[in-house]
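Take a look at the structure below.
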Amino acid sequence: MTSGISDSIGFYACGFILLLVCALKVPALIRRRHDMLLRAACVLLFAAGCLMVLAAPDSIVALNQFTGITNVAAPAVYSTTIAFSGASLLLIINWRPGPLDQTRRASRMCISTYSLALFAVIALFWAGDAPVEQVTLFDVYYANTPYIREMIVLYLVAQGVAMMTASILCWLWSKEVQGSLRAGLLILAPAYLIVVSYDGVRLVAVAARWMGYNLDFLAGDVTRQLAAPASLLGAVGFVVPLAAPRVAEIARTIRQLRQLTPLWRAVRDVSTPGAIRASLPWWRTPPAVLLTGRKTALYDAVHALAPYYDPAVREFAYAAALRGGDDESTAAITAEAAMILAARDRQRTNPDHQLEATEARARRGVDLIPLSMALTSPLVRNLQEHYVPQQKVARHD
């Protein structure tokens, strides 16, 4: 039965995404052609992409019609499934740290075993006879056909063994690592188990045909429900260890940008002669570049305010912070923030009235984030509202 194109859209979308990711890795593969881990990853992506495209109902029908060979899509899908299974196991073997010789032996055994299984599937199909086209229930329809029966069992067992082995390796490895890698392994392990369940359910349906029963719904409706979560968890499991560190770094950068916002609002209009400020639109500038630009601008502003720093403001704020219960380090940061605000106001109202600046203070490294967070302190706001105006009145008198 031929399905509409809508039934195949999901297969094609996933398949083309996987093939695109594989294509993006080709330049790295050319540069590092002896990197077994990268080669396994590329084979896995390519096999998974081809599997999704070939397994689409419309692709099965089109391939059968194009070649003129009834059910030729079956060995194509099954051999691709075996390639994907072998690549999954090969990737886990090379991904997990271990003795180099042991890894190489396991890799060679995996490649040899699954290459033989792949060619055996093709040979068994040509040795058998499958004259009636079956798009979705090929396994159970030909469960009793000589050679075709062996082909079906071979691909299901080969995939099941690879997925079970990969799941066990993931569970064991997850106990030795932490962070995003552990999270990815804990996602991959059940994903592989779902595939094992998929193979087991289909084998039950096939075995039922051997005994004269009809459990075809297992190979149709039930396994269809297992395919989606297995694919989703598998994709997430591989993406998490690769993407999580970068996502975490971006999150840290964005958090720092937000923490610097109070200081930026306070000094963004400060005159900074000699400093070049480039406007960086946030919607098309990487967060790390935005953070670097923001810190540079803040350092320039803090340096430009150095001639207007009033030590009396700092001392008064420091004493007030200590009386308020702050420890010495927190009080020092609060006092620094209060002095910067006072210097900003002095530069705005009387730019020619510069105090005796301490060059050491201007050159000293400033920890911008604690300084920025201190600006949100009620103590700093109170000092800004009460102490600084009193200082202005006193000087005016």
Side-chain angles (χ1 to χ4, degrees), residues 5-63 66-67 72-73 75-96 103 107 110-111 114-115 117-119 121-122 155 159 162-163 166 170 180-181 183-185 187-188 191-192 195 227-250 284 286-288:
I5 188 67
S6 59
D7 296 331
S8 301
I9 290 177
F11 286 91
Y12 292 140
C14 293
F16 287 135
I17 290 173
L18 290 167
L19 290 173
L20 176 60
V21 175
C22 180
L24 294 175
K25 288 186 173 292
V26 168
L29 180 62
I30 294 174
R31 292 192 302 270
R32 297 154 48 195
R33 59 177 59 91
H34 299 297
D35 187 336
M36 181 60 75
L37 178 60
L38 182 58
R39 287 161 61 185
C42 289
V43 172
L44 175 66
L45 289 168
F46 182 74
C50 290
L51 180 60
M52 295 302 293
V53 172
L54 290 173
D58 291 304
S59 294
I60 293 174
V61 174
L63 185 59
F66 178 76
T67 59
V72 74
V77 172
Y78 295 168
S79 59
T80 307
T81 298
I82 289 177
F84 168 76
S85 302
S88 298
L89 186 55
L90 186 64
L91 180 61
I92 299 297
I93 290 171
N94 286 272
W95 196 5
R96 184 180 183 184
T103 300
S107 297
C110 178
I111 293 171
Y114 280 85
S115 295
L118 188 152
F119 288 116
V121 162
I122 297 173
Y155 105 84
Q159 178 172 251
M163 296 296 100
C170 287
S180 59
L181 177 56
L185 293 171
I187 295 171
L188 281 173
Y192 286 139
V195 179
S231 300
L232 179 60
L233 287 175
V236 173
F238 281 113
V239 167
V240 164
L242 300 174
R246 179 171 176 80
V247 171
E249 180 61 31
I250 292 174
R284 58 186 178 90

Task: Where at least one partner belongs to residues 77-96, residue pairs that pass salt bridge (charged side-chain N to carboxylate O under 4.0 Å, His left out), sequence neighbours excluded - done: Arg96-Glu176
TODO: List in chain and number order the residues that pass side-chain hydrogen bond (donor to acceptor under 3.5 Å, both in side chains) with Tyr155, two or more places apart in sequence or in another chain; answer none if no residue qualifies.
DONE: Asp139
Task: Test side-chain contact (heavy atoms from CB on, under 4.5 Å) applied to Ala244 - qualifying residues, sequence neighbours left out - done: Ser180, Val240
TODO: Give the C-alpha distance, both sets of side-chain angles, the deciding distance and a yes or no for side chain to side chain contact (heavy atoms under 4.5 Å, CB included) between Leu51 and Val77.
DONE: CA-CA 6 Å; Leu51 180 60; Val77 172; 3.9 Å; yes
Output side-chain donor-acceptor pairs under 3.5 Å for residues 33-46, partner residues at least two apart or in another chain, one line each.
{"residue": "Arg33", "atom": "NH2", "partner": "Ile30", "partner atom": "O", "Å": "3.3"}
{"residue": "Asp35", "atom": "OD1", "partner": "Leu37", "partner atom": "N", "Å": "3.1"}
{"residue": "Asp35", "atom": "OD1", "partner": "Leu38", "partner atom": "N", "Å": "3.2"}
{"residue": "Asp35", "atom": "OD2", "partner": "Arg32", "partner atom": "NE", "Å": "3.4"}
{"residue": "Asp35", "atom": "OD2", "partner": "Arg32", "partner atom": "NH2", "Å": "2.6"}

- [ ] Name all residues meeting the side-chain hydrogen bond (donor to acceptor under 3.5 Å, both in side chains) criterion together with Ser107; count only those two or more places apart in sequence or in a different chain, and write none if there are none.
- [x] Asn94
Task: Closest contact, heavy atoms only, Gly234 versus Leu188 - done: O-CD2, 3.6 Å
Task: By side-chain hydrogen bond (donor to acceptor under 3.5 Å, both in side chains) - contacts of Ser59 (at least two apart) - done: Tyr12
Open item on the list: Using every non-hydrogen atom in the two residues, find where Gly237 and Pro241 come nearest and quote the distance to one decimal.
Closed with: O-CD, 3.0 Å
List the atom pairs, donor and acceptor, that lie under 3.5 Å between side-chain atoms in residues 82-90 and the rest of the protein, sequence neighbours left out.
{"residue": "Ser85", "atom": "OG", "partner": "Thr81", "partner atom": "O", "Å": "2.9"}
{"residue": "Ser88", "atom": "OG", "partner": "Phe84", "partner atom": "O", "Å": "2.9"}

- [ ] Enter the distance from Ile92:CD1 to Leu185:CG here, rounded to the nearest 0.5 Å.
- [x] 6.5 Å
- [ ] Might you point out which heavy atoms bring Ala230 and Val195 nearest each other, and give the distance in Å?
- [x] CB-CG2, 3.9 Å
Task: Those residues that, when tested against Tyr114, pass ring pair (Phe, Tyr, Trp, His ring centres under 6.0 Å) (two or more places apart) - done: none
- [ ] Rounded to the nearest 0.5 Å, what's the gap from OH on Tyr78 to CG on Leu54? Could you check?
- [x] 12.5 Å
Task: Residues in side-chain contact (heavy atoms from CB on, under 4.5 Å) contact with Thr67, at least two apart in sequence or another chain - done: Leu63, Ile69, Val72
